[in-house]
Amino acid sequence: MIYWDHAATTPPLEQVVDTMSEIMKMHYANPSALHRSGEAAGKLLKRAREVCAAALQVQPGEIVLTSGATESNNMAIKGAAMRYRSRGQHIITTGTEHPSVYECCKQLESLGWEVTYLPVDAEGIVDLAALAAAIRKDTVLVSIMHVNNEMGAISPLADIGRIVKERNPRTLLHVDGVQGFGKLPVELSAWQADLYSLSAHKFNGPRGMGLLYVKQGVQLFPILSGGSQESGHRAGTENVAGAVAMSKAMRLAQEGQPELHARLTEIRDILLREIRQIPGLELNSSERSAPHIVHFSCPGLKPEVMVHALEELGMLVSTKSACSSKLSEPSRVLLAMGKNAAHASSGIRISLGKEHQPEDAASLAQALRVVCGKLRPIMEREGQRE
């Protein structure tokens, strides 16, 4: 089996697993405890925070450790909305965000906040003119992802940050960075980002661990109440082993980003070239997308049929976001890009990782040709019905 679902989760590196196992065995004390074991755990936690901060070129005190990006996104959006509601109750995002952002905004909308969902173009890129026009004096937060988790569309974050701060310097900018870190350069200062979310299992770290960068001076209403951990941003006993393992994965991902970007770009371009030549398949991503995501539609065919047919040939791909893959409705992202229901209901996502080589792309392309050859009569029949 060749695993092509790295946008959903990545296999943890062996050294990351070893590190986490060692910490769990040897340093299980509560890092808030005053005894020697607690102090040792506290030092490990402090070092992990420093490593994470260094990878993002920020200060350790700006790193809040969380259980993953869903918590980080909720903490950023709800925490900012509730803390700064005296400034207004207006939030801006897009219709193509990950569910942990989109549904969070929908929830706030139901509680009285006004949310503007910006349009995107045919490639999934946010309309910058619409962004500029949407920002108001009462706009508390703009939340836009770095890389779209389905299509791989890359947001022009430097332009977005400039527009936000020019239109309203008090408006906070939150970036969901989950699909970008380790694949693309991260420049929080150039983006003028105030908040930035990550999840460790997207860059070969442990599941259940993430972080939120909170720029110095930004305050958030704590979503989890209790103890004073994480400078009061997030109550709860810290996951020392998870934090140390994440910091190692984060350092390795940041150091290896240029080389990985080049190799994944080569493999992605092979897949794009091959898929363009297969009748019945329609690409949704391009060379301008992130290097690790290739997305196409097979109109007239249920995507799960394609997924299982490829699995029989040893290729593991996915449909849309793993958080939404079991839902049968059309992709919200593809609909926002202007695709019709048949196109938006038949998407397949291929996502690359560290272990892939160019020859793997050739194997996947051959599997696609075989599957499409077998399923083409169904696709054509359903297409005629449309």
Open item on the list: Minimum heavy-atom separation for His201 and Ala8, please, with both atom names.
Closed with: CE1-O, 3.2 Å
- [ ] Taking side-chain contact (heavy atoms from CB on, under 4.5 Å) as the test, write out the residues that go with Ala54, two or more places apart.
- [x] none
Open item on the list: Looking only at side-chain N and O atoms, does Ser72 offer a donor or acceptor that is under 3.5 Å from a partner on Thr66?
Closed with: yes
Task: Shortest non-hydrogen contact from Asn74 toward Ser100 - done: ND2-O, 3.6 Å
Open item on the list: Listing request: all salt bridge (Lys or Arg N to Asp or Glu O under 4.0 Å) pairs with a residue in residues 39-48, at least two apart in sequence or in separate chains.
Closed with: Lys46-Glu50, Arg47-Glu50
Open item on the list: Would a single hydrophobic cluster contain both Ile350 and Ile278, if residues Ile, Leu, Val, Met, Phe, Trp and Tyr are joined by side-chain heavy-atom contacts under 4.5 Å?
Closed with: yes
Task: His174-Ser143 side chain donor-acceptor pair, cut-off 3.5 Å - done: yes
Open item on the list: To the nearest 0.5 Å, what is the distance between CD on Glu71 and CG on Leu65?
Closed with: 10.0 Å
TODO: Report the C-alpha separation of Glu150 and Arg332 in whole Å, then their side-chain angles, then the decisive distance to 0.1 Å, and conclude whether the salt bridge (charged side-chain N to carboxylate O under 4.0 Å, His left out) test is met.
DONE: CA-CA 10 Å; Glu150 287 188 38; Arg332 168 170 49 83; over 6 Å; no
Task: CA sep, side-chain torsions, deciding dist, call: Ser155, Ile160, side-chain contact (heavy atoms from CB on, under 4.5 Å) - done: CA-CA 8 Å; Ser155 296; Ile160 289 169; 4.1 Å; yes
- [ ] Could you pull out the closest heavy-atom pair between His356 and Leu352, with the gap in Å?
- [x] ND1-CA, 3.4 Å
- [ ] Check whether any side-chain N or O of Thr19 sits under 3.5 Å from a backbone N or O of Ala245 as a donor-acceptor pair, and report yes or no.
- [x] no
TODO: Apply side-chain contact (heavy atoms from CB on, under 4.5 Å) to the pair Trp4 and Arg349, showing each step before the final yes or no.
DONE: CA-CA 8 Å; Trp4 298 97; Arg349 182 182 68 183; over 6 Å; no
Open item on the list: Do Thr171 and Ile92 make a side-chain contact, defined as non-hydrogen atoms from C-beta onward lying under 4.5 Å apart?
Closed with: no
TODO: Report the distance from atom CG of Leu118 to atom CG of Asp127, rounding to the nearest 0.5 Å.
DONE: 7.5 Å
Open item on the list: For the backbone of Leu195 and the side chain of Lys215, can you confirm whether one donor and one acceptor N or O come within less than 3.5 Å of each other?
Closed with: no
Open item on the list: Test of understanding: clusters of I, L, V, M, F, W, Y form through side-chain heavy atoms closer than 4.5 Å, transitively. Do Val178 and Leu252 belong to the same one?
Closed with: no
Open item on the list: Just checking Gln277: does its CD atom have more than 12 heavy atoms from other residues, nucleotides or ligands closer to it than 6.0 angstrom?
Closed with: yes
Task: His261 vs His292 side-chain heavy atoms within contact, under 4.5 Å - done: no
Open item on the list: Among Ile163, Val142, Ile135, Val140, which residue satisfies the side-chain contact (heavy atoms from CB on, under 4.5 Å) criterion with Asn168?
Closed with: Ile135
TODO: Give the cluster check for Leu56 versus Val214: same hydrophobic cluster or not, with ILVMFWY residues linked at side-chain heavy-atom distances below 4.5 Å.
DONE: no
TODO: Drop me the distance from Met1's CE to Met315's CE, to the nearest 0.5 angstrom.
DONE: 9.5 Å
Open item on the list: Lys354 vs Glu14, test: salt bridge (charged side-chain N to carboxylate O under 4.0 Å, His left out). Steps then yes/no.
Closed with: CA-CA 13 Å; Lys354 288 178 178 292; Glu14 184 176 353; over 6 Å; no
Open item on the list: Does Gln59, at its CD atom, have more than 12 non-hydrogen atoms belonging to other residues, nucleotides or ligands within less than 6.0 Å?
Closed with: no
Open item on the list: For a side-chain contact (heavy atoms from CB on, under 4.5 Å) check, start with the C-alpha distance between Arg234 and Met75, then their side-chain angles and the critical distance, and finish with the verdict.
Closed with: CA-CA 9 Å; Arg234 184 201 192 261; Met75 180 187 295; 3.8 Å; yes
Open item on the list: Could you check whether any side-chain N or O of Ser345 sits under 3.5 Å from a backbone N or O of Ala342, counting only pairs where one atom can act as donor and the other as acceptor?
Closed with: no
Open item on the list: Can you pull out every side chain to side chain donor-acceptor pair (under 3.5 Å) where at least one residue sits in residues 106-119? Sequence neighbours excluded, please.
Closed with: Lys78-Gln107, His90-Thr116, Glu109-Tyr117, Glu114-Arg136
Task: Leu111 atom CG: more than 12 heavy-atom contacts under 6.0 Å - done: yes
Open item on the list: Contact between Met20 and Val244 at the side-chain level, heavy atoms closer than 4.5 Å - yes or no?
Closed with: no
Task: Flag side-chain contact, heavy atom, 4.5 Å: Val333 against Met151 - done: yes
Task: Carboxylate-amine/guanidinium proximity below 4.0 Å for Lys339 and Glu282 - done: no
- [ ] State, yes or no, whether a side-chain contact exists between Met145 and His98 at a heavy-atom distance under 4.5 Å.
- [x] yes
Open item on the list: Rounded at 0.5 Å granularity, tell me how far OG1 in Thr93 sits from CG in Leu108.
Closed with: 11.0 Å
Task: Contact summary for Cys105 and Val115, nearest pair of heavy atoms - done: O-CG2, 3.6 Å
- [ ] Quick one: closest heavy-atom pair of Ala55 and Met250, and the distance?
- [x] CB-CG, 4.0 Å
Open item on the list: For the backbone of Asn340 and the side chain of His343, can you confirm whether one donor and one acceptor N or O come within less than 3.5 Å of each other?
Closed with: no
Task: Student check: side-chain heavy atoms of Pro12 and Arg207 closer than 4.5 Å - done: no
Open item on the list: Quick check on the hydrophobic clustering: are Leu264 and Val147 connected, directly or via other members, by side-chain heavy-atom contacts under 4.5 Å?
Closed with: no
- [ ] For Ser199 and Gly68, indicate whether the former's side chain and the latter's backbone hold a donor-acceptor pair under 3.5 Å.
- [x] no
- [ ] Please determine, by modelled atom types, if Arg251 and Gln254 share a side-chain donor-acceptor pair under 3.5 angstrom.
- [x] no
TODO: Mark yes when over 12 heavy atoms from residues, nucleotides or ligands other than Arg276 sit less than 6.0 Å from its CZ; otherwise mark no.
DONE: yes
Open item on the list: Rounded at 0.5 Å granularity, tell me how far CE in Met337 sits from CG in Asn148.
Closed with: 8.0 Å
Task: Of all pairs that satisfy salt bridge (Lys or Arg N to Asp or Glu O under 4.0 Å), the ones with a partner from residues 175-196, not counting sequence neighbours - done: Lys165-Asp194
- [ ] Mind checking the CG-NE2 spacing from Asn30 to His35? Nearest 0.5 Å is all I need.
- [x] 7.5 Å
Task: Chi angles and distances behind the side-chain contact (heavy atoms from CB on, under 4.5 Å) call for Leu316, Asp5 - done: CA-CA 7 Å; Leu316 301 178; Asp5 198 17; 5.7 Å; no
Task: Beyond-backbone contact of Tyr213 with Leu198, side-chain heavy atoms, under 4.5 angstrom - done: no
- [ ] Give a yes or no answer on whether the side chain of Gln179 reaches the backbone of Ala7 with a donor-acceptor pair at less than 3.5 Å.
- [x] yes
Task: salt bridge (Lys or Arg N to Asp or Glu O under 4.0 Å) partners of Arg268, counting only residues at least two apart - done: none
Open item on the list: Ignoring hydrogens, what is the shortest heavy-atom contact between Pro299 and Gly280? Give both atom names and the distance.
Closed with: CD-O, 3.8 Å
- [ ] Measure the acute angle between the ring planes of Tyr196 and Trp191, then classify it against the limits of 30° and 60° as parallel, tilted or perpendicular.
- [x] tilted
Open item on the list: With a 4.5 Å cut-off on side-chain heavy atoms, are Ile77 and Val101 touching?
Closed with: yes
- [ ] Look at the side-chain heavy atoms of Ile, Leu, Val, Met, Phe, Trp and Tyr, link any pair under 4.5 Å apart, and say whether Leu188 and Val64 land in one connected group.
- [x] no
Open item on the list: Please list all pairs meeting salt bridge (Lys or Arg N to Asp or Glu O under 4.0 Å) that have one or both residues in residues 116-126, counting only residues at least two apart or in different chains.
Closed with: Glu123-Arg288
